[in-house]
Every structure is written in structure tokens, then in C-alpha cells.
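What follows is a set of notes on a single structure, which appears directly below.
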Number of protein chains: 2
Amino acid sequence: MGLLPSIYAFAAQDEPVDNAMTIESATRLTPKYDAQGLLTVVITHAETGALLMVAHMNAAALAATQKTGKAHFWSRSRRKLWMKGEESGHILSVQDIRIDCDQDALWLKCLPAGPTCHTGAQSCFYRRVEGDRLIADDSA
Amino acid sequence: MGLLPSIYAFAAQDEPVDNAMTIESATRLTPKYDAQGLLTVVITHAETGALLMVAHMNAAALAATQKTGKAHFWSRSRRKLWMKGEESGHILSVQDIRIDCDQDALWLKCLPAGPTCHTGAQSCFYRRVEGDRLIADDSA
């Protein structure tokens, strides 16, 4: 075990996490990564509450986020760790991190330094769905 | 093509969706399902804006949601389509559906008929993450 750098190794030692109830009531972080080693991450604006984006984190991205206070993600398309805003400057300053009942999704409340979407929109969710049509609507 | 019931077959005929820019500016719904045929779905409270839960939809769940106005999901653990609240009565009445830039995530603004989390909590995100500790906090 001494070679395992992850805090999760210690979590596994400290308390059993082999059933749903334990995971739901746990007071220790034991993320349930998917087969690709990822968690789903929801980003909302810490002041307005608007949903800004959905992304993914692996253990390294979560650790970097917690260490720096700036949101880091795993890019599934580029297969690399990235800090949001590393090129655009539109970083996300993390104000609060929450986790859901089964510990496979995170909620980050952030203060964005600029538009969150790479298209330039404040939020990635700039279209409403009506039937099979998409309607532009930036009132998140 | 006549045997394909999906609206997405027609979308593919009507407009090319073979590059990111088209998907981002499209006015027609062309969901980008993952390898398991799923979209990530974020549920917020239509009035308070609180993040209630994160789940997944396949094409059938999306169609059922649009048809009924009640949120349906695909359960990855039980491998079945389910209507949220079908057992508990805590249905989610869908007020608004949005989709993100690359069309692989949905945002549903809903009015919940009861606690959204199966644990009885109003939101599945009832714990804050601080380091490797989880702190109970139901102030979503």
C-alpha cells in the first residue's frame, strides 16, 4: 500500500465502502469512478446559480482542482488533463465542491473569469430543446 | 431509412452534423450519445435553481420525457428505462429542456413532487467536499 499515493487507498482502509448505504452516509470521500476512471462534474455560477457546463474529472483532475482552487478536468476527446481557461484565461475559481449520494458526480460552484463555453457563450447550455428543434436562448 | 423510427435519422438527412461547428450552431436536435447510447442529464429545481440530481438518458428515455413531460431516465445499474417517481411518487415535471454546445448533455429544469434523492434528501448533493472529508449540508 505504501506505493499508492491516492488518499482513496486510505479511505478504503478506514471504512468499508462495499455497499450503497455506506457510500451514501459516508463522511469520507470515496469517489466512484466509472470504467474510464471518470466522474461527471456539474459547474454552476456561484452567484447566479446558472448551469455553466458539464465535464469530467479523473482522480488527478480532482486533486489538481482541490490543490489550486481552479477547476481542472479530463478531456475525453484530447485524452489529457487540462485546466479550464489555460488557453482562454477564462478560469473557474472553485467556491464549493459537493458530491452526490452515490459519489459518482460532483457539483462545483464557481466564479468564472469569462464566458465558460468555448463558443463564447456564458453557458454551454445556450439552446432550448423543443421537439426536435433547438432554440437559441441565453437566459440560463 | 424507412425502417428507422428515430427523428435523428431525418436530422442526419436534413443537415450535415459531421463537424463540431455544425453541432454547436445547429437548430435541430442531434444528440451525441456516448458508447453506451447515453446522454448526461442535469436536473435543477425550476424555481429555486438548486441542483437536484445527475442521471442519464438514452433515446427512449428522452422521447418518453418529451412525450409525457415527466423525467424518464436510463438506469445504468438496473439496465432499464424508468420514470423518476414511478415507485416513490416523487415525479419530476419538466418545465424546460436545454442542451449543451456539443449536444452530449441535457439540462432539465423541473418541479419535483417530493424529495429528489432516493435517500429522502431534497437534492442528491447533500454533502460538501473538504479535502477527503464529506460534510453534511442540505443548503443546496
Side-chain angles (χ1 to χ4, degrees), chain A residues 7-8 10-11 14 20-21 24-31 34-36 40-42 44-45 48-56 62 66 76-77 96-109 117-119 121 123-137 140, chain B residues 7-8 10-11 14 20-21 24-31 34-36 40-42 44-45 48-56 62 66 76-77 96-109 117-119 121 123-137 140:
Chain A
I7 57 173
Y8 313 124
F10 294 99
D14 285 350
M21 189 173 296
E24 291 163 1
S25 60
T27 56
R28 190 174 285 269
L29 182 66
T30 53
D34 69 10
Q36 285 72 48
T40 301
V41 185
V42 176
T44 64
H45 193 296
T48 70
L51 178 58
L52 298 177
M53 67 182 288
V54 171
H56 295 84
L62 175 55
Q66 289 192 296
R76 294 180 299 174
S77 55
D96 191 29
I97 303 178
R98 286 161 180 265
I99 196 158
D100 73 344
C101 47
D102 55 2
Q103 300 204 35
D104 66 357
L106 292 172
W107 173 15
L108 273 62
K109 299 182 186 180
C117 187
H118 71 286
T119 63
S123 162
C124 294
F125 292 84
Y126 50 80
R127 291 171 295 186
R128 274 186 298 117
V129 180
E130 295 194 356
D132 65 346
R133 307 301 299 175
L134 301 181
I135 315 294
D137 182 349
Chain B
I7 57 173
Y8 313 124
F10 293 99
D14 284 351
M21 190 173 296
E24 291 164 0
S25 60
T27 56
R28 191 174 286 269
L29 182 65
T30 53
D34 69 10
Q36 284 73 48
T40 301
V41 185
V42 176
T44 63
H45 192 296
T48 70
L51 178 58
L52 298 177
M53 67 182 288
V54 172
H56 295 84
L62 176 55
Q66 289 191 295
R76 295 181 297 175
S77 55
D96 190 29
I97 303 178
R98 287 162 179 266
I99 196 160
D100 74 344
C101 47
D102 55 2
Q103 299 204 35
D104 66 357
L106 292 172
W107 174 16
L108 273 60
K109 300 182 187 180
C117 187
H118 72 285
T119 62
S123 162
C124 294
F125 293 84
Y126 50 80
R127 290 172 296 187
R128 275 186 296 116
V129 180
E130 295 195 357
D132 65 347
R133 305 303 299 176
L134 302 182
I135 314 294
D137 183 350

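What you are looking at is a predicted structure, and each value in this text was computed from that prediction instead of being measured. Just so you know, these numbers use all the heavy atoms, side chains as well, and skip hydrogens, waters and symmetry mates.
Arg98(A) places a side-chain N or O within donor-acceptor distance of the main-chain N or O of Asp137(B), the cut-off being under 3.5 Å. At least one donor-acceptor pair closer than 3.5 Å links the side chain of Arg127(B) to the backbone N or O of Ala26(A).
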I'd like to know whether Arg133(A) forms a side chain to side chain contact (heavy atoms under 4.5 Å, CB included) with Thr27(B), so could you lay out the CA-CA distance, the side-chain angles of the two residues, the decisive distance to 0.1 Å, and finally the verdict. CA-CA 6 Å; Arg133(A) 307 301 299 175; Thr27(B) 56; 3.3 Å; yes

How far apart are the C-alpha atoms of Gln103(B) and Leu134(A), what are their side-chain angles, what is the distance that settles it, and do they pass the side chain to side chain contact (heavy atoms under 4.5 Å, CB included) test? CA-CA 10 Å; Gln103(B) 299 204 35; Leu134(A) 301 181; 3.5 Å; yes

Should Arg28(A) and Asp132(B) be marked as a side chain to side chain contact (heavy atoms under 4.5 Å, CB included) after you check the CA-CA gap, both sets of side-chain angles, and the distance that decides it? CA-CA 6 Å; Arg28(A) 190 174 285 269; Asp132(B) 65 347; 3.0 Å; yes

For Arg76(A) and Asp104(B): C-alpha separation, side-chain torsions, deciding distance, then whether side chain to side chain contact (heavy atoms under 4.5 Å, CB included) applies. CA-CA 12 Å; Arg76(A) 294 180 299 174; Asp104(B) 66 357; 3.2 Å; yes

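Under the 4.5 Å side-chain criterion, counting only non-hydrogen atoms from C-beta, Val129(A) is in contact with Gln66(B).
Rounded to the nearest 0.5 angstrom, Leu51(B) CG and Leu108(A) CG are separated by 11.0 Å. The line from CG of Asp102(A) to SG of Cys124(B) is 7.5 Å long, rounded to the nearest 0.5 Å. Note that CG of Leu29(A) and CZ of Arg128(B) are 13.5 Å apart. Values are rounded to the nearest 0.5 Å.
The salt bridge (Lys or Arg N to Asp or Glu O under 4.0 Å) test applied to Asp34(A) returns no partner, not counting sequence neighbours. Residues forming a side-chain contact (heavy atoms from CB on, under 4.5 Å) with Thr119(A) (at least two apart in sequence, or on another chain): Cys117(A), Ala121(A), Tyr126(A), Glu24(B), Cys101(B).
With a 4.5 angstrom heavy-atom cutoff, Thr44(A) does not touch chain B via any of its atoms. With a 4.5 angstrom heavy-atom cutoff, Thr48(A) does not touch chain B via any of its atoms.
Between Phe125(A) and Leu106(B), the shortest heavy-atom contact is CE2-C, 3.9 Å.
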